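This structure is a prediction, so every number in the text was calculated from the model and none was measured. As a basis for the values below, the full set of heavy atoms in this structure was taken, side chains included, without hydrogen atoms, waters or symmetry mates.
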Amino acid sequence: MVTEIKKKEEYIDRSPLHGLWTLTNRELKKWYKSAVILLLSIIQPIFWIALFGKAMNLQALFSGTTLSIPGLNIPKNIIDKIGQEILKQTFGTTDYFSYLAAGMLSFITLFTSMQSGMSMVWDRRLGVLDRLLTTPVSRSNIIISKVLSSVIRSLVQATIVLIVAVLLGMSFYPGINIFDFLGAYAALFLMSFGLSSLFLMVAIRASSWQSQMAVMNLLNLPLLFTSNAFYPVNSMPSWLKPIAEINPLTYSNAIIRGMLLGIQTNLTIDFIYLTVFATFLSIVGIILSWKYISS
Amino acid sequence: MSEAIKAINLTKAFGKFVAVDHINFEVKEGEIFGFLGPNGAGKSTTIKMLTTVLKPTEGTAIVNGYDIIKEPAKVRNSIGVVPQEFTADEDLTGWENMMLMAGLYGIKKDVAKERAKELLDMVELTQAMNRKVQTYSGGMRRRLEIAMSLISRPKILFLDEPTIGLDAQTRSAIWNYIMKLKKEYGMTIFVTTHYLEEADLYADRIAIIDHGKILAIGSPKELKESVGGDVITLNTSNDDETMKLLQNLDGIIDIRKVDNMLRIKVKDGEEMAPKILEKLIKSGVKVLKMSITEPTMDEVYMEYTGRKMRDEEADSKEVFALRRTLRRTRG
């Protein structure tokens, strides 16, 4: 009997975090092992960037044009200069494609994070959750594993989008260094963590996957359009500005553009906002989810 | 002998609906305890409370010496659960599911691999272990579920309707595995079922539950005896004489003449038959025919619940409605 107890201590890991990686890995495995799902989830942002980004080419509108105004003999280099200045005034850069690509990084992160809840809906429906609840894994680890796997997925997808964007002609500001990338990823991480927790909380109470899908579809485009993903907040109508200014996407976009493209922004305020957003949502989300599955 | 499980006034209410109503019972170490009742009687709710998935509204239970409310983590460490649903991850292989469970119990890799091999071998899934679970048949899935719940070498195994929806052959195969666990590992097994004949055949003791209340507990034999004992049917050379002779014999509950046969209700048929024979032979009455029939679980069930199990199964609409209500009240 004594030897048996001793043996048990040797092979059992009972740290507070045990099971966390096992569960996170379970989620990730389904994703990276299924080639179709992986491909589909990567293709979508690539469409956005390659088709939408390349087609909506504001740059071409303002530079290199053959524009001439009848009666006025303005030299072409002056017209080009004016065009460049308009772009710079509006977007903070003359390179609209890079501007949009930076916005797409946040968008794909938002989109992927929103799906954090779907696997929870399925686990509940299929009874997997009931089984997990009978194992010694702590309730909080079950919830955090869902958030964590969603965050990892989001960041990987964002990286793929970034690589594709660079291949398609996205260019960084000249003095870019490793810390700029770290800063951009920190912003994506914060946003993803907050949103994943929020949608997990919604999912844990959702009665079906249909209702979860409905919530996702209801929120993803509005969140995109009320942010500065396509155009800067300054050029928005006055009623839209306050909405854009509370949208976390606006802040992560600002940080990414500030870090990667060198577009002027107040990084301190941006980071504070995103940190508060992520902390608040993840605390509320994780606590409410925990309460629900513990009852 | 100590108890593996002890329920004390265990109660669960969903809003106004009381699913489990102040139940008390004990499960002895090393026995197969059958929890028998129709759909919606409170079987699954009881299992969910004992396995710490649901918190009781009132009362508690001691599982493996730990209180399910005060020490849920310790309870979880010492039990294995095979839920009613198939919970294995369909996108993963049988082997990956086993390793996943091992990770959840914090079992180190090398030990886990060894055990997984042994368990998959026991449930005869070694050949299929590298296939995705979605390719498995119902019986194979149930076997995998059982193997998965054994990776932590639990002292008590809970099975919620392990044979539901399986064909007769697979059902008996599943029960063979369960009996093997009891025999080889001395495991205590708590199993819910609504198949009367399974409870009768395999359980050491049975609790009959309906409308959240336990109506009777005992071994299959005790339960059958409690409904009125066995029936001995006799055909003799002189029935009137026989009736007179046996009227005062101890252990006989009732004698009646039905269709030219004597129907004698006794407490224990096997014990009474020789006594009856002896008495009749001594008195010179010739016995032409004799048979002993035990009451079936169907009769036991009818006696306690006031209805037949068959009627219950037909009324599936009501069950679905009830499940929907439960889900809503839980949210």
Side-chain angles (χ1 to χ4, degrees), chain A residues 4 7-38 119 121-142 145 202-208 211 291-295, chain B residues 12 14 44 47-48 50-57 63 72-93 96-97 99-112 114-115 132 145 148-149 151-154 157-158 160 324 327-328 330-331:
Chain A
E4 195 162 297
K7 248 190 186 166
K8 222 169 182 171
E9 275 165 4
E10 275 168 26
Y11 65 74
I12 295 228
D13 164 28
R14 281 280 182 276
S15 65
L17 289 180
H18 103 266
L20 180 61
W21 179 244
T22 309
L23 284 174
T24 309
N25 197 29
R26 163 181 172 242
E27 304 280 333
L28 294 176
K29 223 179 209 171
K30 288 193 194 187
W31 172 62
Y32 66 72
K33 274 212 163 175
S34 160
V36 180
I37 295 178
L38 186 67
S119 72
V121 174
W122 281 113
D123 278 2
R124 265 185 60 200
R125 264 188 86 87
L126 300 177
V128 177
L129 184 63
D130 275 354
R131 171 156 225 159
L132 289 180
L133 292 178
T134 65
T135 66
V137 175
S138 73
R139 267 82 174 128
S140 47
N141 283 356
I142 295 176
S145 75
V202 175
I204 216 161
R205 295 179 159 262
S207 50
S208 65
S211 62
K291 255 194 151 168
Y292 183 80
I293 64 170
S294 301
S295 73
Chain B
K12 181 73 191 181
F14 300 106
S44 289
I47 269 208
K48 280 182 181 167
L50 293 176
T51 57
T52 74
V53 174
L54 283 178
K55 258 192 194 144
T57 325
V63 174
K74 285 184 177 167
V75 171
R76 280 177 224 139
N77 264 325
S78 65
I79 58 169
V81 185
V82 182
Q84 195 169 335
E85 299 93 348
F86 290 130
T87 61
D89 204 314
E90 294 199 349
D91 301 323
L92 305 180
T93 66
E96 285 170 330
N97 269 295
M99 295 316 276
L100 177 75
M101 284 306 283
L104 298 182
Y105 282 92
I107 299 165
K108 299 230 165 93
K109 272 260 164 78
D110 45 337
V111 180
E114 216 170 278
R115 284 190 189 176
K132 278 193 178 180
E145 295 283 340
M148 279 163 69
S149 61
I151 194 100
S152 63
R153 298 252 164 97
L157 182 65
F158 290 87
D160 196 359
R324 269 202 301 277
R327 212 166 281 152
R328 239 178 277 139
R330 272 174 71 181

Original post:
Which bit of B/Ser149 comes within less than 4.5 Å of chain A, counting heavy atoms only: side chain, backbone, both or neither?
Top reply: both
Original post:
Can you check whether B/Val81's main-chain N or O pairs, donor with acceptor, with A/Arg131's side chain at less than 3.5 Å?
Top reply: yes
**OP:** Write down the atom of B/Leu104, the atom of A/Gly19, and the distance for their closest heavy-atom approach.
**Re:** CD2-O, 4.4 Å
Original post:
Hey, which of B/Glu90, B/Glu85, B/Lys74 has the most heavy atom pairs under 4.5 Å with chain A?
Top reply: B/Glu85
**OP:** State, yes or no, whether a side-chain contact exists between B/Asp89 and A/Val128 at a heavy-atom distance under 4.5 Å.
**Re:** no
Subject >> By side chain to side chain contact (heavy atoms under 4.5 Å, CB included) - contacts of B/Leu100 (at least two apart) >> reply: A/Thr22, A/Arg26, B/Asn97
Original post:
Measuring heavy-atom distances to chain A, does B/Phe158 have an atom under 4.5 Å in its side chain, in its backbone, in both, or in neither?
Top reply: neither
Subject >> Which portion of B/Met101 sits near chain A, non-hydrogen atoms under 4.5 angstrom >> reply: side chain
Original post:
Got a sec, which residues hit side chain to side chain contact (heavy atoms under 4.5 Å, CB included) with A/Ser145, two or more places apart in sequence or on another chain?
Top reply: A/Leu20, A/Leu23, A/Thr24
Subject >> Among A/Leu132, A/Leu129, A/Thr135, residue most engaged with chain B (heavy-atom pairs, under 4.5 Å) >> reply: A/Thr135
Original post:
Should we say atom NZ of A/Lys29 is surrounded by more than 12 heavy atoms from elsewhere, each under 6.0 Å from it?
Top reply: yes
Subject >> From B/Ile79 atom CD1 to A/Thr134 atom OG1, the distance as rounded to the nearest 0.5 Å >> reply: 6.0 Å
Original post:
Given a strict heavy-atom distance threshold of 4.5 Å, which part of B/Glu145 is in contact with chain A: side chain, backbone, both, or neither?
Top reply: both
**OP:** Mind listing the closest non-hydrogen atom pair of A/Leu133 and B/Thr52 along with its distance?
**Re:** O-OG1, 3.9 Å
